[in-house]
Enquirer: 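Please read through the structure below; I'll follow up with questions.
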Number of protein chains: 2
Amino acid sequence: MDTPKTAKAATGPIRRATLQHSAVAELRAMILEGELPPGSRVPEVQLCEQLGVSRTPLREALRVLAAEGLVELRPHRGAVVTPVDPTDIAAIFQVMEALETLAATLACRNGTEAEFIELDRLHDQLMAQHKAGERAAYSMTNRRIHAWIVAMARNPALETTYSGFAAQILRARSLANYDADRWQESVDEHDGFMAALRSRDAATAGALLAEHSRRTADAVLRSLRQRMGKAAAAEVG
Amino acid sequence: MDTPKTAKAATGPIRRATLQHSAVAELRAMILEGELPPGSRVPEVQLCEQLGVSRTPLREALRVLAAEGLVELRPHRGAVVTPVDPTDIAAIFQVMEALETLAATLACRNGTEAEFIELDRLHDQLMAQHKAGERAAYSMTNRRIHAWIVAMARNPALETTYSGFAAQILRARSLANYDADRWQESVDEHDGFMAALRSRDAATAGALLAEHSRRTADAVLRSLRQRMGKAAAAEVG
DNA sequence: GCGTGCCAAATTGTATACAAAATCTCTATT
DNA sequence: AATAGAGATTTTGTATACAATTTGGCACGC
């Protein structure tokens with residue numbers, strides 16, 4: 001069962017994904033990376049050349065990304081990268097707050113001992129990166145912590161929904177850069193809900209994680225509105 | 001049968017949507033209606049003939065439905081209507097509970113006077129349909145009430161997520177038929193959270209709606225597991 | 001000078017032909 | 001008889017050609 005007969009090398013031919021699948025991955029990365037900025041039009045043929053695929057798999061990929069909310073499809077008028085609208089982001093954060101609460105509650109109930117240990121390790125890593133001032137590494141670890149808690153909840157529906165919104169929020173955060181004060185505050189909040197999680201206190205963990213989410217939303221939205229305001233002003237002047 | 005290929009006649013005052021869009025609507029209806037039962041394979045060409053479209057728009061429609069969770073796409077192996085797995089449904093209900101709580105809370109905060117009046121009207125209609133024993137009409141009104149509350153929350157992200165899961169749950173409910181006792185209980189719960197909503201008591205409304213969701217989940221899952229058990233037994237004998 | 005209608009260019013929507021992968025079937029061998 | 005394997009068949013994945021729709025520009029009329 002596990003010995004491929006004509007297997008030639010170990011590295012190469014594990015599995016070849018479809019072009020559509022890799023187009024989705026490629027485009028998603030381009031959007032989250034900021035290479036395709038929010039609001040930019042997405043002409044099909046141009047992207048086809050860039051990705052080296054024909055329009056058929058590309059169009060199917062665009063439908064997938066539209067379902068994730070990363071692009072908007074206007075019939076007969078092409079696709080645009082979904083603009084980062086503070087109002088929409090605020091709405092997403094509201095839902096995220098509810099999802100994080102649920103995730104923390106379920107994680108306390110369903111997480112394994114090993115998973116809690118790994119969570120502690122990630123938390124230590126986060127603290128070290130904060131102390132060292134490694135912003136990029138910090139935010140990646142931060143994302144991994146939250147995703148890990150969601151995974152501990154053992155709920156596929158929650159996981160899928162969460163990661164979709166997380167991608168949207170990531171885009172917003174890349175535009176909004178919050179200050180050192182908020183960073184310190186955020187670290188303190190992590191300490192708080194981690195304590196609750198360690199003691200398997202579902203209610204407290206849920207409440208603290210929700211509060212953390214709410215405060216993050218406030219900071220991101222404040223910075224976002226400020227930046228958008230400046231951008232609008234620059235456009236006029 | 002009703003859409004000849006060369007139909008050029010004025011189908012409507014306004015222009016029709018794209019074939020892909022109507023294919024999505026058609027397929028979604030077929031799945032929710034039970035015409036395409038859970039677990040059934042979905043050969044592309046056969047559906048093309050049935051819907052009168054070519055494979056291109058159909059495949060794009062399948063991607064959309066896959067994102068909604070109504071079909072599963074296995075690379076190179078075709079699509080199947082997502083099976084109704086009690087474990088998955090239970091997970092969805094858990095998320096739904098959190099979403100309903102949020103919806104009730106936000107509805108109290110953001111709903112307009114006119115919307116609350118309409119909500120009352122829907123509730124009265126629900127009560128009348130219960131008294132008359134009109135099960136089908138009742139469950140449609142029931143869905144409209146919940147969707148209405150979600151709409152009152154003024155949160156597009158919530159609305160989209162909610163309706164996706166609602167579709168999944170609808171499929172499960174059509175398989176599971178709960179009894180008269182649960183019906184009466186459900187009606188009483190509606191009375192309860194409606195009272196809280198009328199007085200704009202966000203916390204109580206949220207809690208009661210969550211409890212209603214939880215009890216509905218219990219009833220549906222119980223019936224579902226029972227039915228699945230019977231089906232499995234029938235398969236053996 | 002400005003608005004209106006129509007034509008041309010570009011872009012998206014759809015159909016179809018072809019390539020690649022998986023499944024099925026039948027045969028040959030142990 | 002059971003099983004492995006090689007072809008045949010079916011089904012999905014991709015490219016491309018063509019049709020339909022939108023958009024931009026230009027001439028014409030007010």
Side-chain angles (χ1 to χ4, degrees), chain A residues 1-8 12-28 31 36 39-67 70-82, chain B residues 2-28 31 36 39-67 70-82:
Chain A
M1 293 276 183
D2 49 356
T3 33
K5 306 222 152 154
T6 52
K8 194 165 191 297
I14 7 174
R15 184 176 309 172
R16 190 178 43 178
T18 65
L19 288 184
Q20 176 224 135
H21 204 271
S22 41
V24 168
E26 198 89 18
L27 278 176
R28 182 161 40 211
I31 292 173
L36 291 175
S40 64
R41 287 200 69 246
V42 183
E44 293 180 359
V45 279
Q46 179 183 318
L47 271 187
C48 286
E49 294 177 357
Q50 198 163 345
L51 297 181
V53 301
S54 78
R55 284 180 58 213
T56 309
L58 181 82
R59 282 173 58 88
E60 291 180 359
L62 284 174
R63 293 313 181 285
V64 174
L65 293 171
L70 292 179
V71 301
E72 287 177 1
L73 263 37
R74 293 125 5 129
H76 290 288
R77 310 180 77 207
V80 297
V81 179
T82 306
Chain B
D2 53 350
T3 37
K5 271 193 173 166
T6 52
K8 189 74 198 245
T11 3
I14 30 178
R15 199 193 37 263
R16 288 189 57 147
T18 64
L19 287 184
Q20 176 224 134
H21 205 268
S22 40
V24 168
E26 197 87 18
L27 277 175
R28 181 160 42 210
I31 292 172
L36 291 176
S40 63
R41 287 201 68 246
V42 184
E44 294 179 0
V45 279
Q46 179 184 318
L47 272 187
C48 286
E49 294 176 356
Q50 199 163 343
L51 297 181
V53 302
S54 79
R55 284 180 59 212
T56 309
L58 181 82
R59 281 174 60 86
E60 293 180 357
L62 283 174
R63 293 316 184 278
V64 174
L65 293 172
L70 291 179
V71 303
E72 287 177 1
L73 262 38
R74 294 122 9 126
H76 290 288
R77 310 182 76 207
V80 298
V81 178
T82 306

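Just the heavy atoms: all of them, side chains too, but no hydrogens, waters or symmetry mates, feed the values below. Every chain is numbered from 1, with letters handed out A, B, ... down the list of sequences.
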Enquirer: For B:Arg41, which residues count as a side chain to side chain contact (heavy atoms under 4.5 Å, CB included) partner, sequence neighbours excluded?
Expert: B:Arg74, B:Val80
Enquirer: With the criterion being N/O to N/O and under 3.5 Å, what pairs connect the protein with nucleotides 13-16 of chain D, and how long is each?
Expert:
| from | atom 1 | to | atom 2 | distance (Å) |
| --- | --- | --- | --- | --- |
| D:dG13 | OP1 | B:His76 | N | 3.0 |
| D:dG13 | OP2 | B:Arg59 | NH1 | 2.6 |
| D:dG13 | OP2 | B:Arg59 | NH2 | 3.2 |
| D:dG13 | N7 | B:Arg55 | NH2 | 2.8 |
| D:dG13 | O6 | B:Arg55 | NH1 | 3.0 |
| D:dT14 | OP1 | A:Leu19 | N | 2.3 |
| D:dA15 | OP2 | A:Ser54 | N | 2.7 |
| D:dA15 | OP2 | A:Ser54 | OG | 2.7 |
| D:dA15 | O5' | A:Ser54 | OG | 3.4 |
| D:dA15 | N7 | A:Thr56 | OG1 | 2.7 |
| D:dT16 | O4 | A:Thr56 | OG1 | 3.2 |

Enquirer: What's the CG-C1' distance between B:Leu47 and D:dT11, to the nearest Å?
Expert: 13 Å
Enquirer: For B:Glu44, give me all partners under side chain to side chain donor-acceptor pair (under 3.5 Å), at least two apart in sequence or on another chain.
Expert: B:Arg55, B:Arg59
Enquirer: Taking CG from B:Leu58 and P from D:dT11, how many angstroms apart are they, rounded to a whole number?
Expert: 14 Å
Enquirer: Kindly write out the residues that satisfy side chain to side chain contact (heavy atoms under 4.5 Å, CB included) with B:Ala67, not counting sequence neighbours, or none if the list is empty.
Expert: A:Ala67
Enquirer: Go through the structure and list residues passing side chain to side chain donor-acceptor pair (under 3.5 Å) with A:Gln50, not counting sequence neighbours.
Expert: none
Enquirer: Rounded to whole angstrom units, what separation is found between the CZ atom of B:Arg41 and the C1' atom of C:dA22?
Expert: 10 Å
Enquirer: Heavy atoms only: give me the nearest B:Leu27-B:Leu47 pair and the separation to one decimal.
Expert: CD2-CD1, 3.6 Å
